[in-house]
Amino acid sequence: MRLSQSFIPTMRQDPGEAEVTSHRLMLRAGMIRKVAAGIYSYLPLGLRVIRKIEAIIREEMNRAGAQELLLPILSPAELWKETGRWDFYGKELIRLHDRHERDFCLGPTHEEVVTDLFRREVSSYRQLPLTLYQIQTKFRDEIRPRFGLMRGREFIMKDAYSFDQDEASAQHNYQQMHDAYCRIFSRTGLQFRPVEADTGLIGGISSHEFMVLANTGEELIVFDPDSAYAANVERAEVVPPPTQTPEKLNPLEKVSTPNAKSVEDLSTLLKVDANRVVKTLLYQTGENEITAVLIRGDHQANEIKIQRFLGIHDLTLASPDAVERITNAPVGFVGPVGLSPVRLLADHAIGALSDFIVGGNETDVHLINVNSPRDFAVDDWGDFRQAQAGDLSPNSDSRLQTARGIEVGHVFMLGTKYSEKMGATFLDAEGQSQPAIMGCYGIGVSRTAAAAVEQNHDEKGICWPMPIAPFQAQILPVTNSDAVRQTSEKLYHELGKENIEVLLDDRNERGGVKFNDADMIGTPYHIIIGDKSLANNTIEVKDRKTGEKIHLPPDQVIGWIKEAVTRKLKIEA
RNA sequence: CGGGGCGUAGCGCAGCCCGGUAGCGCGCCUGCUUUGGGAGCAGGAUGUCGGAGGUUCGAAUCCUCUCGCCCCGACCA
């Protein structure tokens with residue numbers, strides 16, 4: 001393609017609206033433009049990247065035995081009411097109604113629609129297993145859309161759904177999808193890691209997330225450097241420490257701790273490590289129900305674990321008013337001793353502590369040398385905290401490390417959650433009606449493009465991995481003599497004939513402008529043609545990522561590029 | 001939804017405190033020169049100052065309301 005005739009509006013300056021790398025660079029490279037918060041147009045260059053990612057996904061999904069279809073974006077409320085998600089999905093579901101006042105929503109995911117299709121069309125175990133997928137625009141009215149394509153309200157997703165007749169077959173299918181995902185992300189040239197994950201709103205039994213490792217990632221994962229174990233922190237189990245019962249306990253004491261409201265204040269004031277302090281968090285767990293959770297001072301509460309333990313979906317910290325009502329003290333002085341009317345949960349880590357420090361349920365007072373069960377009774381013990389770096393791995397004797405990641409894919413083992421609610425059954429070999437065992441599998445296509453930029457860029461712009469680069473090579477005539485123009489045109493046509501995706505910068509711009517735009521756009525190979533090198537009968541080829549430049553005789557350029565592109569497509573595959 | 005910030009030319013911004021001609025840089029258009037890392041000179045076009053209401057002789061500027069956007073926290077591909 002000729003740059004002079006292309007719609008690739010690059011920007012010289014950083015746009016004010018973008019802070020995050022991928023967002024900034026995709027805007028500057030002329031790949032996307034914002035229409036509204038979390039809603040973007042894909043310009044020709046951006047769309048080429050999306051299409052390449054989609055092509056890799058299609059190949060691998062087809063290879064794994066999945067069949068592509070296309071479900072409607074608009075779906076009727078009735079289906080969502082059947083599974084209860086019309087209410088449960090909340091404000092994230094974009095709702096609208098037609099001229100007859102019938103309720104519809106814009107699909108945020110398609111379990112309902114695909115399960116409805118299944119129950120109408122599939123009736124025998126002979127038709128199983130069945131895996132269907134689509135690549136389509138999805139809508140989620142995110143609480144806070146941000147970072148350009150990273151978290152949009154409208155985004156492109158590949159979603160797949162599997163239906164199996166028994167557990168073993170479903171597990172096999174799940175594993176097949178898991179493996180297909182590994183191949184897909186490897187082929188896109190990304191560094192990623194599958195991790196154990198929570199099932200969230202989709203629900204189900206087990207799940208893995210595919211994380212592209214990047215410092216700007218929104219997710220925190222823990223991993224064991226010496227085994228395959230890796231998990232989202234919100235999911236990662238914490239190995240309970242051995243409980244210790246010291247020989248002698250010190251007597252409980254009240255101490256004055258004016259204004260020491262945080263663990264940090266307290267540990268500074270009393271000159272103790274935060275791990276000797278125990279915080280008592282009060283959560284609103286029902287309309288008139290408060291639950292207290294004890295967490296060690298240097299640990300973070302994991303609200304997802306607490307929710308799962310309590311079997312509730314909604315968990316918020318109790319309001320300051322509620323705290324005062326229960327403890328007669330402001331936030332910051334809550335403690336388990338004498339905290340009668342609420343249910344008390346404690347993280348396992350508390351069991352290994354003795355003579356620790358807690359709030360005194362009295363303004364500016366804490367208690368020291370507190371011990372359980374001597375001084376208070378715990379209703380339930382459990383794993384209620386966030387895993388963190390330095391925790392023991394559940395798989396080996398190693399200590400866990402943390403890394404940031406961008407969630408680009410998620411596979412779920414759903415079980416019969418949807419098939420039972422919607423009556424998606426089949427007749428087994430004995431003629432018995434059985435609910436299909438389902439799995440669902442998503443890939444954020446547009447997010448994957450953004451993640452690729454996060455992982456492949458430098459101060460000058462994007463450095464696309466070959467398999468998803470919008471173009472494979474870019475010709476830069478940097479001076480404007482006839483010889484340069486003719487050589488450029490000739491190369492452009494010949495590379496085209498060899499099926500190399502090549503962009504010719506035939507604009508009447510100075511060399512500097514072309515260099516900068518090419519670096520910004522991130523085409524893997526730049527073919528630089530100027531009078532200087534032509535005089536030596538050479539053409540310069542620059543590797544965008546490494547910055548390496550080689551000088552080739554003009555007649556060797558085509559062969560060299562062809563070989564290099566093929567090799568990079570293969571290596572990164 | 002809570003907290004912070006911002007809406008002025010296509011983009012990046014100044015002007016606002018202290019009311020009185022709407023400005024700068026880049027880009028865009030024309031011409032000439034230039035052409036290996038964001039060219040020079042000359043000429044030119046471009047704005048309902050986010051919107052509504054109010055105060056005032058007069059509002060980008062002051063007041064009220066509203067809409068939108070970005071960033072930080074609770075959701076997710």
Side-chain angles (χ1 to χ4, degrees), chain A residues 9-20 23-24 27-28 30 33-39 53 57 89-93 108-110 135-160 181 197-202 207 209-212 218-219 232 234 303-304 307 313-317 319 405-412 440-451 460 476-481 484-485 507-520 526 528-535 540 542 549:
Chain A
T10 56
M11 298 161 91
R12 292 197 174 206
Q13 284 158 301
D14 277 337
E17 75 188 51
E19 302 252 327
V20 165
H23 187 198
R24 204 182 77 236
L27 283 166
R28 285 196 61 183
R33 285 294 183 264
K34 188 181 70 189
V35 175
I39 299 175
I53 296 170
I57 292 173
Y89 224 104
K91 288 188 177 172
E92 207 167 304
L93 193 61
T109 172
H110 279 70
I135 297 176
Q136 186 199 48
T137 300
K138 293 282 189 281
F139 296 83
R140 293 183 190 177
D141 201 354
E142 291 281 345
I143 297 168
R144 179 148 92 91
R146 59 185 148 171
F147 306 158
L149 294 192
M150 205 73 87
R151 178 177 299 281
R153 293 191 290 174
E154 174 178 329
F155 60 99
I156 300 171
M157 175 163 128
K158 185 285 303 180
D159 48 323
Y181 272 39
D198 188 65
T199 51
L201 264 189
I202 309 275
S207 92
E209 287 168 336
F210 288 76
M211 296 286 191
V212 164
E218 294 181 88
E219 302 294 330
N232 194 310
E234 62 190 30
E303 298 185 354
I304 291 173
Q307 280 178 23
H313 308 301
D314 217 10
L315 189 71
T316 45
L317 278 171
S319 66
I406 300 163
E407 184 190 352
V408 289
H410 205 156
V411 295
F412 297 86
C440 77
Y441 317 91
I443 290 179
V445 176
S446 37
R447 181 183 282 180
T448 300
K460 287 188 150 293
L476 286 69
V478 290
T479 51
N480 70 347
S481 67
V484 166
R485 193 173 307 117
R507 296 174 302 173
N508 182 24
E509 289 287 357
R510 297 166 65 89
V513 174
K514 295 187 183 183
F515 283 123
N516 283 307
D517 273 351
D519 287 342
M520 182 57 106
H526 299 172
I528 300 159
I529 303 174
D531 290 304
K532 216 156 75 182
S533 50
L534 279 189
E540 194 176 314
K542 183 179 116 178
K549 291 176 181 172

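Note on naming: letters A, B, ... go to the chains in the order of the sequence lines (proteins, then strands), and numbering restarts at 1 for each one. What you see is a predicted model; the values in this text were computed from it and never measured.
- Residue contacts shown for A:Glu540 include a base, since a base heavy atom lies under 4.0 Å away.
- Nucleotide B:rG19 forms a pair with no other nucleotide shown, judged by Watson-Crick or G-U wobble geometry with both contacts under 3.5 Å.
- Residue contacts for A:Phe139: at a heavy-atom cut-off of 4.0 Å it reaches no nucleic acid atom on any strand shown.
- Using a 4.0 Å heavy-atom distance criterion, A:Lys91 is classed as making no nucleic acid contact.
- A:Arg28 places a side-chain N or O within 3.5 Å of a backbone atom of A:Arg12 that can act as its donor or acceptor partner.
- Remark: the separation of the P atoms in B:rU21 and B:rC26 is 26 Å, to the nearest Å.
- Atom C1' of B:rA14 sits at a distance of 14 Å from the matching atom of B:rA9, rounded to the whole Å.
- Nucleotides B:rU8 and B:rC70, compared at atom P, are 14 Å apart to the nearest Å.
- One can place CD1 of A:Ile143 at 15 Å from P of B:rC71, the figure rounded to the nearest angstrom.
- A residue-by-residue look at A:Gly16 and A:Lys514 shows that A:Gly16 has its nearest nucleotide of RNA chain B further toward the 5' end.
- Computed from coordinates, the A:Ile304 CD1 to B:rC75 C1' distance equals 9 Å when rounded to whole Å.
- Distance noted for atom C1' between B:rC18 and B:rC76: 50 Å (whole Å).
- The same atom, P, is picked in B:rG20 and in B:rC62; the two are 11 Å apart, to the nearest Å.
- With B:rC76, B:rG37, B:rC71 as the candidates, the nucleotide lying closest to the side chain of A:Lys542 is B:rG37.
- Exactly one of A:Ile443, A:Thr448, A:Ile135 qualifies for a side-chain contact (heavy atoms from CB on, under 4.5 Å) with A:Ile156. That residue is A:Ile135.
- When the P atom is compared between B:rC65 and B:rG58, the two are found 23 Å apart, to the nearest whole Å.
- Side-chain contact between A:Leu27 and A:His23 is present, with heavy atoms from C-beta onward closer than 4.5 Å.
- The gap from the P atom of B:rG23 to that of B:rU46 amounts to 12 Å, rounded to the nearest Å.
- Among the protein residues, A:Glu19 comes within range of the sugar-phosphate backbone only, with heavy atoms under 4.0 Å from sugar or phosphate atoms but none that close to a base.
- Without hydrogens or angle criteria, A:Lys138 side chain to A:His110 main chain gives no donor-acceptor distance under 3.5 Å.
- Residue contacts shown for A:Lys34 are limited to sugar-phosphate atoms, with no base heavy atom under 4.0 Å away.
- Rounded to whole Å, the distance from CZ on A:Arg33 to P on B:rC69 is 17 Å.
- Base pairing of B:rG37 is not made with any nucleotide, judged by Watson-Crick or G-U wobble geometry with both donor-acceptor distances under 3.5 Å.
- Residue contacts for A:Glu219: at a heavy-atom cut-off of 4.0 Å it reaches a base atom on one of the strands shown.
- Atom CZ of A:Arg12 and atom P of B:rG37 are 14 Å apart (whole Å).
- Comparing B:rC11, B:rG37, B:rC75 by their closest approach to the side chain of A:Met11 singles out B:rC11.
- Residue-to-nucleotide proximity on RNA chain B shows that, of A:Lys532 and A:Ile443, the 5′-proximal contact is made by A:Lys532.
- Pairing for B:rG68 is with B:rC6, a Watson-Crick or G-U wobble pair whose two hydrogen-bonding atom distances lie under 3.5 Å.
- Using Watson-Crick or G-U wobble geometry with both donor-acceptor distances under 3.5 Å, B:rU56 finds no partner in any strand shown.
- Considering only side-chain atoms of A:Glu407, the nucleotide from B:rC1, B:rA77, B:rC11 that sits closest is B:rA77.
- Base contact: A:Val513 has a heavy atom under 4.0 Å from a base atom.
- Picking from B:rA77, B:rC70, B:rG73 the nucleotide with the shortest atom distance to the side chain of A:Arg146 gives B:rG73.
- Between A:Asp141 and A:Lys91 no salt bridge is recorded (no basic side-chain N to carboxylate O distance below 4.0 Å).
- Nucleic acid contact class of A:Ser481 (heavy atoms, under 4.0 Å, all strands): none.
- In this structure, A:Asp517 reaches the bases: a heavy-atom distance under 4.0 Å links it to at least one base atom across the strands shown.
- Closest to the side chain of A:Asn516, from the set B:rA74, B:rG38, B:rG36, is B:rG38.
- Between A:Phe515 and A:Lys460, every side-chain heavy-atom pair lies at or beyond the 4.5 Å cut-off.
- The side chain of A:Phe515 lies closest to B:rG36 when the candidates are B:rG36, B:rC75, B:rA77.
- In this structure, B:rC11 and B:rG25 make a Watson-Crick or G-U wobble pair, each of the two defining distances being under 3.5 angstrom.
- Nucleic acid contact class of A:Arg28 (heavy atoms, under 4.0 Å, all strands): base.
- Within the 4.0 angstrom heavy-atom criterion, only backbone atoms of the sugar-phosphate kind lie near A:Glu17; the bases stay farther away.
- A straight line from CG of A:Asn508 to C1' of B:rC32 spans 13 Å, rounded to a whole angstrom.
- Rounded to whole Å, atom P of B:rC70 lies 13 Å from atom CD of A:Glu142.
- For A:Arg510, whose side chain is taken as the heavy atoms from C-beta onward, the closest listed nucleotide among B:rU34, B:rA77, B:rA74 is B:rU34.
- As judged by a 4.0 angstrom heavy-atom cut-off over every strand, A:Gly152 is placed among the base-contacting residues.
- The distance between atom CG of A:Asn480 and atom P of B:rA39, rounded to the nearest whole Å, is 14 Å.
- Put simply, the side chain of A:Arg151 never gets that close to the backbone of A:Glu218: no donor and acceptor are under 3.5 Å apart.
- Between the side chain of A:Tyr441 and the backbone N or O of A:Lys158, no donor-acceptor pair lies under 3.5 Å.
- B:rC76 is unpaired under the criterion used here, namely a Watson-Crick or G-U wobble arrangement in which both key atom distances are under 3.5 Å.
- Looking at A:Thr10, its side chain never comes within 3.5 Å of a backbone N or O of A:Asp517 through a donor-acceptor pair.
- At whole-Å resolution of the value, CD in A:Glu218 and C1' in B:rC72 are 12 Å apart.
- A donor-acceptor contact under 3.5 Å is not formed by the side chain of A:Asp14 with the base of B:rG12.
- Across B:rG12 and B:rG50, the matching P atoms stand 14 Å from one another, rounded to whole Å.
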